[in-house]
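Okay, structure first, notes after.
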Amino acid sequence: MPELPEVETTRRQIAPIIVGRTIKSVKIHKGAERLAVTHAPHELEFTLTGRRIDALDRHGKYLIAHLDDGRAWVVHLRMTGSLVVAAVDKPHRFERAQLSMDDGVVVRFNDLRKFGTWHVVEDPRDAMPNVGPDALSDDFTVSWLREHLARRSVPLKSVLLDQKVAAGVGNIYADEACYIARINPRIKAHELGPRRVARLRDAIVTALQRSLVDGGTTFSNYMDGLGGAGFHKTHVHVFRRDGEPCDHCGSIIRKIRIAGRGTHFCPRCQKH
DNA sequence: ACTATGCCCTGGGTGC
DNA sequence: TGCACCCAGGGCATAG
């Protein structure tokens with residue numbers, strides 16, 4: 001699942017290759033029409049064609065390509081998407097769209113489950129209306145987090161998945177952050193005191209930064225901007241490690257369900 | 001305003 | 001080998 005570290009890894013890899021280049025052609029494949037949110041597929045292809053990419057930014061899990069006509073091409077990889085730059089060779093099994101750049105480089109959008117989205121908008125914020133500060137930005141402060149936790153009575157895990165609260169955090173890093181902060185993901189958000197909120201904020205940043213060093217986490221489908229895998233999986237503490245011993249205390253990692261999401265934690269290190 | 005639920009989508013895994 | 005079923009989950013729509 002591409003979350004902040006995976007999307008940022010992709011951005012860093014493909015930005016040097018596509019920024020400054022002009023899009024020569026775009027093809028959204030049959031069956032992947034839902035990819036195009038703001039336009040009909042052929043209109044979106046037409047809209048992108050001939051545009052130069054002036055910058056490639058990221059906010060939370062969104063990639064934002066700034067175009068030379070002032071608009072923005074906003075890409076979300078959702079569950080199984082990846083944006084891969086590759087020399088021309090045989091297409092990936094789950095390729096849903098393809099761009100050719102003016103220097104011959106081909107950018108492939110692969111997405112097994114077809115949940116990914118493309119917007120072309122005047123203002124990138126129009127494509128991500130419910131998104132708050134990026135979790136690795138200076139705007140993601142302890143006081144911001146405290147404010148949002150204080151008015152929510154749902155489990156902490158649910159709040160951490162809310163992109164309005166911490167853009168870029170998804171299921172993997174919500175679990176990892178709770179583990180690093182030694183907080184039970186089931187605790188009601190408003191029950192967290194100031195000290196633990198501060199610890200949690202640091203743990204979120206730590207979890208994301210550690211993964212970024214490894215190029216993100218690949219469990220099954222995620223591939224980075226060059227078609228490779230992230231290797232943070234080998235450094236994950238709890239996510240999908242249920243049944244295995246905790247790195248710290250040796251207790252068996254448990255898996256429960258919170259807000260419809262698989263949630264992993266150490267019952268001893270994260271008692272409360 | 002907050003909370004809960006269902007939907008989208010398809011390969012991989014399991015059980016019979 | 002085949003078939004039915006369940007699971008994974010980000011973000012949105014909808015209802016309460």
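Quick note on labels: first sequence line is chain A, next is B, and so on, each numbered from 1. Scope of the values below: all heavy atoms of this structure, side chains included, with no hydrogens, waters or symmetry mates. Everything quoted here is computed from the prediction, not taken from an experiment.
- Taking every side-chain heavy atom of A:P129 into account, C:dC12 is the closest of C:dC12, C:dG9, B:dC2.
- You'll find the side chain of A:R96 reaches within 4.5 Å of the side chain of A:K114, heavy atoms only.
- To the nearest angstrom, C1' of C:dG9 lies 9 Å from NZ of A:K61.
- The shortest distance between the side-chain N/O atoms of A:Q163 and the OP1/OP2 oxygens of C:dG10 is not below 4.0 Å.
- Among the atoms of the strands shown, only primed sugar atoms or phosphate atoms (P, OP1, OP2) are found under 4.0 Å from some heavy atom of A:F239.
- The residue A:S153 sits close only to the backbone: its heavy atoms come under 4.0 Å of sugar-phosphate atoms, none of a base.
- Nucleic acid contact for A:G262: sugar-phosphate only, since backbone atoms but no base atoms lie under 4.0 Å from a heavy atom of the residue.
- As judged by a 4.0 angstrom heavy-atom cut-off over every strand, A:K255 is placed among residues touching the sugar-phosphate backbone only.
- Rounded to whole Å, atom P of C:dC7 lies 16 Å from atom CG of A:N171.
- Taking only side-chain nitrogens and oxygens, A:K164 never comes nearer than 4.0 Å to OP1 or OP2 of C:dG11.
- You'll find that the side chain of A:F115 is closest to C:dG10, out of B:dT3, C:dC12, C:dG10.
- Looking at which nucleotide of DNA chain B each of A:F94 and A:S158 is closest to, the 5′-most match is held by A:S158.
- With A:H264 as the fixed residue, the side-chain contact (heavy atoms from CB on, under 4.5 Å) test singles out one of A:H237, A:R241, A:R240: A:R240.
- Whole-Å rounding puts the A:W118 CH2 to C:dG10 P distance at 22 Å.
- Between A:D175 and A:K157, at least one side-chain nitrogen of the basic residue sits less than 4.0 Å from a carboxylate oxygen of the acidic one, meeting the salt-bridge criterion.
- Taking atom NE2 of residue A:H92 and atom C1' of nucleotide B:dT10, one finds them 14 Å apart after rounding to whole Å.
- A salt bridge links A:R12 and A:E8; the closest N-O separation between the charged side-chain nitrogens and carboxylate oxygens is under 4.0 Å.
- Atom CD of A:E95 and atom P of B:dT10 are 16 Å apart (whole Å).
- Scanning all heavy atoms of the two residues, the minimum distance from A:K24 to A:T49 falls at O-CG2, 3.3 Å.
- For the pair A:H76 and C:dG11, the criterion of a side-chain N or O lying under 4.0 Å from OP1 or OP2 is met.
- Rounded to an integer number of Å, the gap from NZ of A:K157 to C1' of B:dT3 is 17 Å.
- At a cut-off of 3.5 angstrom, the base of C:dG10 holds at least one donor-acceptor pair with the side chain of A:R261.
- Nucleic acid contact for A:N130: sugar-phosphate only, since backbone atoms but no base atoms lie under 4.0 Å from a heavy atom of the residue.
- Contact annotation: A:R113 side-chain N/O to C:dG9 OP1/OP2 distance is not under 4.0 Å.
- One interatomic measurement links the two molecules: CG of A:L112 to P of B:dG11, which rounds to 6 Å at whole-angstrom precision.
- Side-chain nitrogen and oxygen atoms of A:R151 include none within less than 4.0 Å of the OP1 or OP2 phosphate oxygen of B:dA1.
- Rounded to an integer number of Å, the gap from A:D162 CG to C:dG11 P is 10 Å.
- The residue among A:R78 and A:R93 whose nearest nucleotide of DNA chain B is located toward the 5' end is A:R78.
- The shortest distance between the side-chain N/O atoms of A:K114 and the OP1/OP2 oxygens of B:dT10 is below 4.0 Å.
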Quiz item: Could you go step by step and tell me if A:T10 and A:D224 meet the side chain to side chain donor-acceptor pair (under 3.5 Å) rule?
Solution: CA-CA 5 Å; A:T10 297; A:D224 65 27; over 6 Å; no
